[in-house]
Visitor: 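Can you keep this structure in mind? I'll have questions shortly.
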Amino acid sequence: MREITFIDAIREAYEEEMRRDNSVFIVGQDVRGAIFPHTKGLVEEFGPERIVDTPIAESGMYGVAFGAAQEGMRPVCDFMFGGFSYVTFSECSVTTGQYHFLHGSQHPLPLVITAGVGTGQRLANDHAMSIHGTFAHHPGIKVAMPSTPYDAKGMFKSAIRDNNPVVIPWHMGIMMLKGEVPELGDDYVVPLGVADIKREGSDVTVLANSLQLQHALTVAEKLAGELSVEVIDPRSFVPFDMDTLLTSLEKTNRLVVVDEDWESGGFAATVSARVMEQGFDLLDAPVTRVTLPNMPVPGGYMEEYVAPNPERIEAAIRAVCA
Amino acid sequence: MREITFIDAIREAYEEEMRRDNSVFIVGQDVRGAIFPHTKGLVEEFGPERIVDTPIAESGMYGVAFGAAQEGMRPVCDFMFGGFSYVTFSECSVTTGQYHFLHGSQHPLPLVITAGVGTGQRLANDHAMSIHGTFAHHPGIKVAMPSTPYDAKGMFKSAIRDNNPVVIPWHMGIMMLKGEVPELGDDYVVPLGVADIKREGSDVTVLANSLQLQHALTVAEKLAGELSVEVIDPRSFVPFDMDTLLTSLEKTNRLVVVDEDWESGGFAATVSARVMEQGFDLLDAPVTRVTLPNMPVPGGYMEEYVAPNPERIEAAIRAVCA
Amino acid sequence: MALTSDQMVLLYRNMVRADQFNKMMYRRMMQGKLIGFYHPAEGAIAPGVGASTFLNQDDNLSPHHRGHGITHMLCKGIDIKYYLAEHTGKETGCCKGRSAFHFSFPEHKVYMMSGFIGYNFAPVVGWGFAAKRRAQGQVVMNCSGDGSYGQGRAHEAMLMSQNWQLPVIFFCENNGMSIFSTAQEMHPQENIASLADGFGMPSIIVDGQDVFAVAEASLQAIERARTGGGPTFIEAKTLRFNEHDIGTPDLSGWEERSAEEHEAMRKREPIRIATERVLGDSLLTQNEIDQIIEDALAEIEAVEQFADESPIARPPVEELMAGVFAD
Amino acid sequence: MALTSDQMVLLYRNMVRADQFNKMMYRRMMQGKLIGFYHPAEGAIAPGVGASTFLNQDDNLSPHHRGHGITHMLCKGIDIKYYLAEHTGKETGCCKGRSAFHFSFPEHKVYMMSGFIGYNFAPVVGWGFAAKRRAQGQVVMNCSGDGSYGQGRAHEAMLMSQNWQLPVIFFCENNGMSIFSTAQEMHPQENIASLADGFGMPSIIVDGQDVFAVAEASLQAIERARTGGGPTFIEAKTLRFNEHDIGTPDLSGWEERSAEEHEAMRKREPIRIATERVLGDSLLTQNEIDQIIEDALAEIEAVEQFADESPIARPPVEELMAGVFAD
Ligand SMILES: Cc1ncc(C[n+]2csc(CCOP(=O)(O)OP(=O)(O)O)c2C)c(N)n1
Ligand SMILES: Cc1ncc(C[n+]2csc(CCOP(=O)(O)OP(=O)(O)O)c2C)c(N)n1
Ligand SMILES: [Mg+2]
Ligand SMILES: [Mg+2]
């Protein structure tokens, strides 16, 4: 298979879906010129009517997506950085999540919300915060985050075809990660709601996603021989594939959840609580989380040791296996 | 001690703090006329300069509080219903939470955010959702919710005197709950960050707050003789009093967390995950949560059985004690 | 745009229906037969009727919350019985009884309600965007109150609609009140329509108590939007006879609205104004008017019967969970 | 308001300092000596200098992000070395090295930075509110770009400031660009200042390449605000010579900005315009100008030395946790 970067994989998903379905379009700020390469060059093929730049007016911009979705189109709304979605949060969380259900499950709202997220750029909190946990807290919205070029292309395609609002951020720290992706024209998708065992193991399970998945794989490789680490990528947070996780725990009986979100209220807490309820008897040790400490993400030189990193992951694995 | 209602207790806190400190003021929409009785009549004593109505412009309205706090005042920003805070969410979550810390911990931001929250009015999701879990997810903001008139008065006073942003919603379902409160002039406060054992017991611990605390107490009373239920009111979510909870678990070894927020990403998940990490060996049964299912809160006749209620709490208690 | 006699009679009929529907809602709320709250539309019937009566089926309509959108929706041919059933918590409700006071009639292009004032401003941009792309003359009628124009969302919607020349009509029903607050105190200019000037958007200020004047202004804006002429701001000056919502005191600032204010206000009762006109212009006879009222009451009786006789919505949680996501 | 010679010389000195500071930032970013990003201010030096030079210490200033607020802050007497140290990730930074590019000088009433464009609009209402209540003539200078006026937050701030007659100056630095988007494409009117008309707020449009013109307009608005005359909207028409931020391509829409555009733009270089004026008016000699430049370079050398010699900020997590909440 050919190798492409993570961000190019997203662009391929856009290209293929936009060619396939004329109702797909992208709306954002400076997406024509492309702040990030996933929209680069698209305007040349699809024109400014389908690669739509708006003023710095997140509510109006998101309104283009939201309203057009009600009108039967399939918009992708690009918030540039994840935190910017908070500027129109009542719309993109509550009003979006409740639209279908509260109005009687009669009218779907097929739209995609994306943005770059995550630490590693040293830009501090408002440019570095994760959003998957926050959106996963609000019902009626699917939430997923790919970790490899293969998954990125397949999951973005799934998200665009889904009849629901899907929040699918991408981590800036793996933007240039290369990986194998099927040939152009091979119209594969990766379904939302299905976890993926990225590395098999038998001593301990690590659930990690995105940049942190890469960290987890690095640690698993490092520990190989000493400890056999199974690394699961949830891929989706809503819906969440609990079965794959519990099946793994039947084998390993130990779990470390790595999540680049705050300890308080992040998705790792939800996973831990669910395992408590549904897999208590499987556990030989308490589920341990590696998360952002409960402080606004500092920028500068602090980011690298405040955020989850291989050292912290390794320490957590050793602790649950002790 | 005299008895007053929960909502009157909040108003007394406002009155006393505004008399004590000229820099305290309230900003909101229709707070002069008082949509809810906690601001009723205040404008007559304090005038429209301190009981401040704004247009329906939540960012500007919150900006009055935020900016005035930077200028050394002590504003209370009343969002009316909790969900309305989402309209200016980038300001009241991210920008607020990061202000002090990210700018070098040199300038405090003493402000209070309040609003009515919770189910029971049959108004559906956007008028019924809880906000404590969402705010507890965002670092730099204290989050608390009183459950009795005594706590309401004491905690609102603490919140107003705190040098940090404090989100302190109140549950509409206990607005008219009566309870004992010290005489006027007895300047007591209830510190933030300290849980309260509302009923002692030895078989199982129930952590519950606000309307759900009332439900938990009802169930505890009903089960008395059969099961001895200890009921703890966290009172604060950030900071959270883990010690009181763990001490209780040393005795009971069983925990039910009741939380009127969604299962996914709600504060109950955080509590469960922390108990997993810090109290795993204390547990004789998995921590069990009673929460809102992951759907937008329906209004109408569904609210009463979709939300946590005495039946669901009792079932959970029986399950963890089985 | 001069109205034809047929148009005027239709407007008059819709006024009577809207008025009677509002009275029914008020009565039912007082009777404890409605879930949630109700924001009565008495005194403010004409704007919604004038704005909505001449929309095409494929035009988008975002009704104002005053009167809970009923006065708007029934003029667009929506059968209100499903909304009343909803508001009564019934299985047959337009939202399956889940929503309390929300409405949704996607097939009529009335998509939604949200409890956040100003929620309409984001989606209307998307509807206008879709309409412009589709280029079939579809129009977006965006109705909301003076208070809603405090929201920054309004700015973003006006900016983008004017910039892209979208077929969106910003229809402001200015009743001078936002709960207890007066527009006079909350807005720096006398007219909310002044906001449109900031964007170079054409605006019309119209007597909102005169349904015919409102309809003329609306037809003018609809025509402009339909033919690619871009957005229009319409400010209909209207009144709120009752309290904001039933059970809330009727204050201005923090004092009771005065008897004088009420008296002056009620001189501008929109049904009476319309009746004088249709009688004066000999468009209808008193007998015909009586028949129109009777028809409206019969319609309402059937609507209420439907709502009352439908079963209460109490589906199991599992069934609800299955409705959170679309397939 | 005619400027005195002393005022003009002060403005000129600040222009030179601002220009040199911006060049230093650009150079350091290219050298990999700055953390995060830098939005260069070349071509757009005059607005910030003109707006900020005559503020009192107790006036609030919200600097524009262009030039990362340096051109504004140094005119308000802020020692930039603490900001440069911050931007270099150092312990001595104004935010203890935690913030990357944020600034905060509370004692100078420059409180904050946020990465959300339009973040300024909420707090300025509160500063204006506090200033009005305090009634000591305090003024709020609220600087941001043309793009920021897309945000609905701007509407809310203008509405409330005009309504309450707050001493807030809406100082719009219109460089015609918002990353790759032109103001011409993104705004329906030629002037952003037209927005002020919607609220009945007085506005001034000024040549933002002429620091003296900007200062005169600013002094007029400051005077009005200080004496209870309410807000003013100032639009300073300026230019962005460089790309939006270093490393981002220099596009208009999705194509390179043309050589012709650059050539035309650079004819309006603000330092040259100011220099011609001070020389022409015989306010300064070439020797004095050379000395001013030398002083600025010396100042910058000290600032860089401070930043470079300060230790990298790497406090333990526990120490950071202790700083999340104030006592
Ligand atoms: C975001 C938000 N803020 C505040 C409210 C509370 N609220 C409900 S109706 C209303 C007044 C609306 O005034 P206007 O738009 O003029 O309509 P009217 O009720 O006068 O017809 C307010 C403030 C709300 N529902 N949503
Ligand atoms: C809420 C938000 N949306 C988008 C951005 C991305 N962004 C950063 S600067 C900028 C352009 C700002 O333009 P303008 O206000 O005109 O200032 P200029 O950079 O031209 O000086 C944008 C869109 C952001 N930082 N915050
Ligand atoms: Mg109104
Ligand atoms: Mg600009």
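Note that these values count all heavy atoms, side chains included, but never hydrogens, waters or copies made by symmetry. Predicted, not measured: the structure shown is a model, and the values here were computed from it.
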Visitor: Rounded to the nearest 0.5 Å, what separation is found between the NE2 atom of C:His102 and the CG atom of B:Asn125?
Guide: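 One finds 7.5 Å between NE2 of C:His102 and CG of B:Asn125.
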
Visitor: Between B:Glu304 and chain C, which part of the residue has a heavy atom less than 4.5 Å away: side chain, backbone, both or neither?
Guide: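 B:Glu304 touches chain C through side-chain heavy atoms alone.
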
Visitor: Relative to chain B, which segment of C:Tyr149 carries a heavy atom at a distance below 4.5 Å: side chain, backbone, both, or neither?
Guide: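 Neither part, no heavy atoms under 4.5 Å.
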
Visitor: With a 4.5 angstrom heavy-atom cut-off, is it the side chain or the backbone of B:Thr88 that approaches chain C, or both, or neither?
Guide: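 Neither part; nothing is under 4.5 Å.
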
Visitor: At a 4.5 Å cut-off on heavy atoms, which part of C:Ser99 comes close to chain B: side chain, backbone, both, or neither?
Guide: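 Just its backbone gets close to chain B.
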
Visitor: What part of B:Glu44 is in contact with chain C, defined as an atom under 4.5 angstrom from a non-hydrogen atom: side chain, backbone, both or neither?
Guide: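 Side chain only.
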
Visitor: Heavy-atom pairs under 4.5 Å with chain B - which of C:Gly152, C:Ser148, C:Gly147 has more of them than the others?
Guide: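 Heavy-atom pair counts peak at C:Gly147.
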
Visitor: If you compare all heavy atoms of B:Val306 against all heavy atoms of C:Leu320, which two are closest, and at what distance to 0.1 Å?
Guide: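 Distance-wise, the nearest heavy atoms are CG2-CD1, 3.8 Å.
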
Visitor: Pick from B:Thr54, B:Asn294, B:Leu123, B:Val31: which one has the most heavy-atom pairs with chain C under 4.5 Å?
Guide: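 Of B:Thr54, B:Asn294, B:Leu123, B:Val31, B:Leu123 has the most heavy-atom pairs under 4.5 Å with chain C.
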
Visitor: Hey, is the main chain of C:Pro316 close enough, under 3.5 Å, to the side chain of B:Tyr305 for a donor-acceptor pair?
Guide: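 No: the side chain of B:Tyr305 does not pair with the backbone of C:Pro316.
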
Visitor: Go through the structure and list residues passing side chain to side chain donor-acceptor pair (under 3.5 Å) with C:Glu309, not counting sequence neighbours.
Guide: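 Testing C:Glu309 for side chain to side chain donor-acceptor pair (under 3.5 Å), a comparison that skips the adjacent residues, returns C:Gln305.
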
Visitor: I'd like to know whether B:Tyr301 forms a side-chain contact (heavy atoms from CB on, under 4.5 Å) with C:Ile35, so could you lay out the CA-CA distance, the side-chain angles of the two residues, the decisive distance to 0.1 Å, and finally the verdict.
Guide: CA-CA 9 Å; B:Tyr301 292 99; C:Ile35 279 185; 3.6 Å; yes

Visitor: If you tally heavy-atom pairs under 4.5 Å against chain B, which of C:Pro249, C:Ala100, C:Gly93 wins?
Guide: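 Highest number of pairs under 4.5 Å: C:Ala100.
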
Visitor: A quick test of your reading: do over 12 heavy atoms of other residues, nucleotides or ligands sit less than 6.0 Å from CE of B:Met176?
Guide: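 Yes.
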
Visitor: Relative to chain B, which segment of C:Val317 carries a heavy atom at a distance below 4.5 Å: side chain, backbone, both, or neither?
Guide: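 Both backbone and side chain.
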
Visitor: Where the side chain of B:Asp126 meets the backbone of C:Gly115, is there a donor-acceptor pair that is under 3.5 Å apart?
Guide: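 Judged by distance alone, yes, a pair lies under 3.5 Å.
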
Visitor: Which atom pair, heavy atoms only, marks the closest approach of C:Met321 to B:Pro293?
Guide: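 Nearest heavy atoms, C:Met321 then B:Pro293: SD-CB, 4.1 Å.
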
Visitor: How close do C:Ser178 and B:Ile56 get, heavy atom to heavy atom, and via which atoms?
Guide: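 Scanning both residues completely, I find the closest heavy atoms to be OG-CD1, 3.3 Å.
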
Visitor: For a 4.5 angstrom cut-off between non-hydrogen side-chain atoms, does B:Pro48 reach C:Trp254?
Guide: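 Touching, per the 4.5 Å side-chain cut-off.
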
Visitor: B:Ile51 versus chain C, heavy atoms under 4.5 Å apart: side chain, backbone, both or neither?
Guide: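 For B:Ile51, there is no contact with chain C at all, as no heavy atom is under 4.5 Å.
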
Visitor: Only heavy atoms, only distances under 4.5 angstrom. Which residues in residues 183-197 of chain C are near chain B?
Guide: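 The residues closer than 4.5 Å to chain B, in numerical order, are C:Glu185, C:Met186.
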
Visitor: At their closest point, which heavy atom of C:Ile179 faces which heavy atom of B:Met80, and how far apart are they?
Guide: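 C:Ile179 and B:Met80 have their closest heavy atoms at CD1-CE, 4.1 Å.
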
Visitor: Go through the atoms of B:Val87 and report whether side chain, backbone, both or neither lie under 4.5 Å from a heavy atom of chain C.
Guide: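 For B:Val87, backbone and side chain are both near chain C.
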
Visitor: Using ring centroids (six-membered ring only for Trp), state whether C:Phe116 and B:His127 fall under 6.0 Å.
Guide: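 Here the rings of C:Phe116 and B:His127 have centres that are no less than 6.0 Å from each other.
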
Visitor: Of the backbone (N, CA, C, O) and the side chain (C-beta and beyond), which part of C:His244 lies under 4.5 Å from a heavy atom of chain B, both, or neither?
Guide: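 The answer is neither part of C:His244.
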
Visitor: I need the residue from C:Glu255, C:His87, C:Arg153, C:Glu86 with the largest number of non-hydrogen atom pairs under 4.5 Å to chain B.
Guide: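 Option with the top pair count is C:Arg153.
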
Visitor: Quick one: what part of C:Ser252 sits under 4.5 Å from any heavy atom of chain B, side chain, backbone, both or neither?
Guide: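 The answer is neither part of C:Ser252.
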
Visitor: Identify the two heavy atoms, one from C:Lys96 and one from B:Met302, that lie closest to each other, and give their separation to 0.1 Å.
Guide: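 That closest heavy-atom pairing would be O-CE, 3.5 Å.
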
Visitor: Where is the tightest heavy-atom contact between B:Asp53 and C:Ser181, given as atom of each residue plus distance?
Guide: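 Looks like OD2-OG, 4.1 Å.
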
